[in-house]
Trainee: 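Take this structure, written in structure tokens, and hold onto it; I'll ask about it next.
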Amino acid sequence: MAEKPTLLVLGSDPPPRLGRLTGRVRVEYADDRTLASLLPTADALLIWDFHSRALRGAWPGEGPRPRWVHTASAGVDHLMCPELAASDTLVTNARGVFDQPIAEYVAALVLALAKDLPRTLELQGAREWRHRESRRVAGTRACVVGSGPIGRAIERTLGALGITTALVGRTARDGVHGPGELDRLMARADWVVSAAPLTEETSGMFDARRLALMQPSAYFVNVGRGQLVVEDALVRALKDRWIAGAALDVFAHEPLGPDSPLWEVPGLIVSPHMSGDTVGWRDELGTQFVELYELWEAGEPLPNLVDKRRGYVPGP
């Protein structure tokens, strides 16, 4: 009888539900401390704890490496290193699981900002009756940076609210603007939404210069990666009222510490990297991995295949 392939899982709280794979694979669990020593034993690696950065340090070590790495996240910046990028190992991500939940979260933030809901809740807590006027979202313009499935889902969802949305991607193509048009689109947008992957090209792209292009009545939302934004520049833009407000679901350093000044910035909504996490999301991630594993086991082409040089799954 052939030996069962070894699946190494990084993270186990809670463990993934492997369904049909139960009994067909030998499953071992690793944490940040044990990952390096267990990597040579694995045929495939599932990065279940997608907050871990351990693979970047463990991969360059001695011995064999898994032939396939799958991360239960949309982003892959937490695992990519030059040695992995140069290897023959396949890398896949959880593309498709988080698209609509994140789009709904962005729509909720847009509505909350337009309707001044944070202030309403604050006044309710103070038992203060203060009538105000709010903004209409239908007829406004959004610039969504990131033209992958998440960006496209955001475009569709905002469109249902009557918001005209321009998508900006790495390259210009049908329905997508190129990076050379970003400044112009940001300058005319009421909503700028960051949903791009973190790469060398996108790191720090929303800096003081770009934020200064925005209208004083415009809002900024980041559901991509924290490192896309120069946080000090955003703080200044809000305090000096260059822009009307912002919402951040991702940060350069997570979790956000209690002493971070971001908690008290006027006009800023802070949420703990939860835009894609809806009830049952872990089960969806487990089901997706099982389906991918069976394709990999059969030698079939894998969807969600990451271009390791670019750092994301290329789109159409």
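Heads up: numbering here begins at 1 and tracks the sequence. Hydrogens, waters and symmetry mates play no part in the numbers below; they use all other heavy atoms, side chains included.
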Trainee: Give a yes or no on this: more than 12 heavy atoms of other residues, nucleotides or ligands lie within 6.0 Å of atom CD of Glu62.
Mentor: no
Trainee: Can you label the angle between the Trp281 ring and the Phe98 ring as parallel, tilted or perpendicular, going by 30° and 60°?
Mentor: tilted
Trainee: Assess the residue pair Leu7 and Leu18 against the criterion (side-chain contact (heavy atoms from CB on, under 4.5 Å)); give the C-alpha distance rounded to whole Å, side-chain angles, the decisive distance to 0.1 Å, and a yes or no.
Mentor: CA-CA 11 Å; Leu7 170 64; Leu18 298 178; 4.0 Å; yes
Trainee: Output a table of donor-acceptor pairs, distance under 3.5 Å, between side-chain atoms of residues 100-116 and any protein atom two or more places apart or on a different chain; print 'none' if there are none.
Mentor:
from: Gln100; atom 1: NE2; to: Thr157; atom 2: OG1; distance (Å): 3.3
from: Tyr105; atom 1: OH; to: Ser271; atom 2: OG; distance (Å): 3.1
from: Lys115; atom 1: NZ; to: Arg135; atom 2: O; distance (Å): 2.6
from: Asp116; atom 1: OD2; to: Arg132; atom 2: NE; distance (Å): 3.1
from: Asp116; atom 1: OD2; to: Arg132; atom 2: NH2; distance (Å): 3.1

Trainee: Flag yes if more than 12 heavy atoms outside Arg241 fall under 6.0 Å of its CZ atom; otherwise flag no.
Mentor: no
Trainee: Got a salt bridge between Glu294 and Arg20, using NZ or NE/NH1/NH2 to carboxylate O under 4.0 Å?
Mentor: yes
Trainee: Would Arg225 and Asp77 satisfy salt bridge (charged side-chain N to carboxylate O under 4.0 Å, His left out), going step by step from the backbone distance to the final call?
Mentor: CA-CA 9 Å; Arg225 283 291 179 267; Asp77 51 279; 3.0 Å; yes
Trainee: Which is it for Thr92 and Val306 under the side-chain contact (heavy atoms from CB on, under 4.5 Å) test, yes or no, and what are the steps along the way?
Mentor: CA-CA 5 Å; Thr92 55; Val306 172; 5.6 Å; no
Trainee: Out of Thr199, Asp307, Thr202, Leu198, which one pairs with Tyr312 under the side-chain contact (heavy atoms from CB on, under 4.5 Å) rule?
Mentor: Thr199
Trainee: Under the side chain to side chain donor-acceptor pair (under 3.5 Å) criterion, do Asn222 and Ser194 qualify, and how do the steps go?
Mentor: CA-CA 5 Å; Asn222 188 17; Ser194 166; 2.9 Å; yes
Trainee: Would you say that more than 12 heavy atoms from the other residues, nucleotides or ligands in this model lie under 6.0 Å from the CG of Asp13, or not?
Mentor: no
Trainee: side-chain contact (heavy atoms from CB on, under 4.5 Å) for Ile154 and Asp99? Distances and angles first, verdict last.
Mentor: CA-CA 8 Å; Ile154 293 171; Asp99 307 352; over 6 Å; no
Trainee: Using distance only, find each side-chain donor-acceptor pair of residues 208-216 under 3.5 Å and give its atom names and separation, not counting sequence neighbours.
Mentor:
from: Arg209; atom 1: NH1; to: Asp183; atom 2: OD2; distance (Å): 2.9
from: Arg209; atom 1: NH2; to: Asp183; atom 2: OD1; distance (Å): 3.4
from: Arg209; atom 1: NH2; to: Asp183; atom 2: OD2; distance (Å): 3.2
from: Arg210; atom 1: NE; to: Asp183; atom 2: OD1; distance (Å): 2.8
from: Arg210; atom 1: NH1; to: Met205; atom 2: O; distance (Å): 3.1
from: Gln215; atom 1: NE2; to: Arg188; atom 2: O; distance (Å): 3.1
from: Gln215; atom 1: NE2; to: Ala189; atom 2: O; distance (Å): 3.1

Trainee: Hey, any chance Val145 and Val193 share a hydrophobic cluster, counting ILVMFWY side chains that come within less than 4.5 Å of each other, even indirectly?
Mentor: no
Trainee: Measuring from Lys308:NZ to Leu90:CG, what's the distance to the nearest 0.5 Å?
Mentor: 7.0 Å
Trainee: For Val250 versus Glu254, what's the shortest heavy-atom pair and its separation?
Mentor: CA-OE2, 3.3 Å
Trainee: Nearest heavy-atom pair of Pro301 and Leu295: which atoms, and what distance?
Mentor: O-CD1, 4.2 Å
Trainee: Between Leu185 and Cys143, what is the shortest heavy-atom contact and its length?
Mentor: CB-SG, 3.9 Å
Trainee: Can you tell me how far OG1 of Thr164 sits from CZ of Arg141, rounded to the nearest 0.5 angstrom?
Mentor: 7.5 Å
Trainee: Checking His51 now: which residues fulfil side chain to side chain donor-acceptor pair (under 3.5 Å) with it, not counting sequence neighbours?
Mentor: none
Trainee: I'd like to know whether CZ of Arg184 has more than 12 heavy-atom contacts from other residues, nucleotides or ligands below 6.0 angstrom.
Mentor: yes
Trainee: Give, for atom CG of Asp32 and atom CG of Leu10, the distance between the pair rounded to the nearest 0.5 Å.
Mentor: 6.0 Å
Trainee: Where is the tightest heavy-atom contact between Ala72 and Leu285, given as atom of each residue plus distance?
Mentor: O-CD1, 3.8 Å
Trainee: Does Met80 belong to the same Ile/Leu/Val/Met/Phe/Trp/Tyr cluster as Ile47, with side-chain heavy atoms less than 4.5 Å apart forming each link?
Mentor: yes
Trainee: For Tyr29 versus Val27, what's the shortest heavy-atom pair and its separation?
Mentor: CE1-CG1, 3.7 Å
Trainee: Please evaluate residues Glu83 and Arg65 with respect to the criterion salt bridge (charged side-chain N to carboxylate O under 4.0 Å, His left out), reporting the C-alpha separation (whole Å), side-chain torsions for both, the decisive distance (0.1 Å), and the verdict.
Mentor: CA-CA 11 Å; Glu83 292 82 2; Arg65 288 295 178 261; over 6 Å; no
Trainee: Give the cluster check for Leu228 versus Val230: same hydrophobic cluster or not, with ILVMFWY residues linked at side-chain heavy-atom distances below 4.5 Å.
Mentor: no
Trainee: Group every Ile, Leu, Val, Met, Phe, Trp and Tyr by side-chain heavy-atom contacts under 4.5 Å, then state whether Leu117 and Val270 land in the same group.
Mentor: no
Trainee: Assess whether a salt bridge exists between Glu284 and Arg282, defined as any Lys/Arg side-chain N lying under 4.0 Å from an Asp/Glu carboxylate O.
Mentor: no
Trainee: Can Leu55 be reached from Trp48 by stepping across I, L, V, M, F, W or Y side chains whose heavy atoms are under 4.5 Å apart?
Mentor: no
Trainee: Indicate whether the side chain of His78 and that of Thr71 have a donor and an acceptor atom separated by less than 3.5 Å.
Mentor: yes
Trainee: Minimum heavy-atom separation for Leu123 and Arg130, please, with both atom names.
Mentor: CD1-CB, 3.9 Å
Trainee: To the nearest 0.5 angstrom, please state how far the CZ atom of Arg152 sits from the OG atom of Ser147.
Mentor: 6.0 Å
Trainee: Are Phe289 and Trp68 close enough that their ring centers fall under 6.0 Å?
Mentor: yes
Trainee: Hey, are Arg24 and Glu297 close enough for a salt bridge, meaning a charged N less than 4.0 Å from a carboxylate O?
Mentor: yes
Trainee: One pair to check against ring-ring contact (aromatic ring centres under 6.0 Å, His included): Trp242 and Tyr219. What are the steps and the verdict?
Mentor: CA-CA 10 Å; Trp242 297 356; Tyr219 294 85; over 10 Å; no
Trainee: To the nearest 0.5 Å, what is the distance between OG on Ser12 and CG on Leu46?
Mentor: 11.0 Å
Trainee: How long is the straight-line distance from CG of Leu161 back to OG1 of Thr140, given to the nearest 0.5 Å?
Mentor: 8.5 Å
